[in-house]
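None of these values were measured; they are calculated from a predicted model. We're numbering straight along the sequence, starting at 1. Remember, it's 1-based here, ligands and their atoms both numbered in the order they're listed.
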Amino acid sequence: MTDFSILVVDDNPTNMKLVSDVLEFDGFRIQTARDAETAQEVIRASPPALILMDIALPGMDGLTLTRLLKADEKTSHIIIVALTAFAMKGDEELARNAGCDGYITKPINTRNLSVSIAKYLDESVGNG
Ligand SMILES: [Mg+2]
């Protein structure tokens, strides 16, 4: 999994550090952005294989950014996994309707995070 770069978009510094540390420890290359606008710049400069996308962000929210990325042929292939604190049933559907490929609920289970991410990456490779 070491060749895959992951962009973590989260405005919460504690959560950002936790997620980045865990994924880096497991060998992923990590880029970070604290808001959707910064994420757009990072994606333009160096497109990641997968984005872990916080939904609630200052300014543009994560679902809006997801819709923009999935509507653009330059970025539509990037796997987007929503990261949200709302463990509400309807939120998975909202995330999927926006174009997210998957969904991970906070608080993050640090033991499972890298395995979950690897599965999403595998699925996309398997689908060609
Ligand atoms: Mg947030």
Under the side chain to side chain contact (heavy atoms under 4.5 Å, CB included) rule, collect the residues that match up with N97, sequence neighbours excluded. E93
Would you say the side chain of L63 lies within less than 4.5 Å of the side chain of L94, judging by non-hydrogen atoms? yes
Can you list the protein N, O or S atoms less than 2.8 Å from the Mg ion (ligand 1)? D11 OD1, D54 OD2, A56 O
With sequence neighbours excluded, what pairs up with S46 under the side chain to side chain contact (heavy atoms under 4.5 Å, CB included) test? Q31
Less than 4.0 angstrom from a charged side-chain N to a carboxylate O is my criterion; do D10 and K17 meet it? no
Taking NZ, NE, NH1 and NH2 as the nitrogens, is one of them in E123 or K119 under 4.0 Å from a carboxylate oxygen of the other? no
For a quick test of your reading: what N or O donor-acceptor pairs under 3.5 Å do the side chains of residues 35-42 make, sequence neighbours left out?
residue, atom, partner, partner atom, Å
D35, OD1, E37, N, 3.2
D35, OD1, T38, N, 2.7
D35, OD1, T38, OG1, 2.7
D35, OD2, T38, OG1, 3.4
E37, OE2, M60, N, 3.3

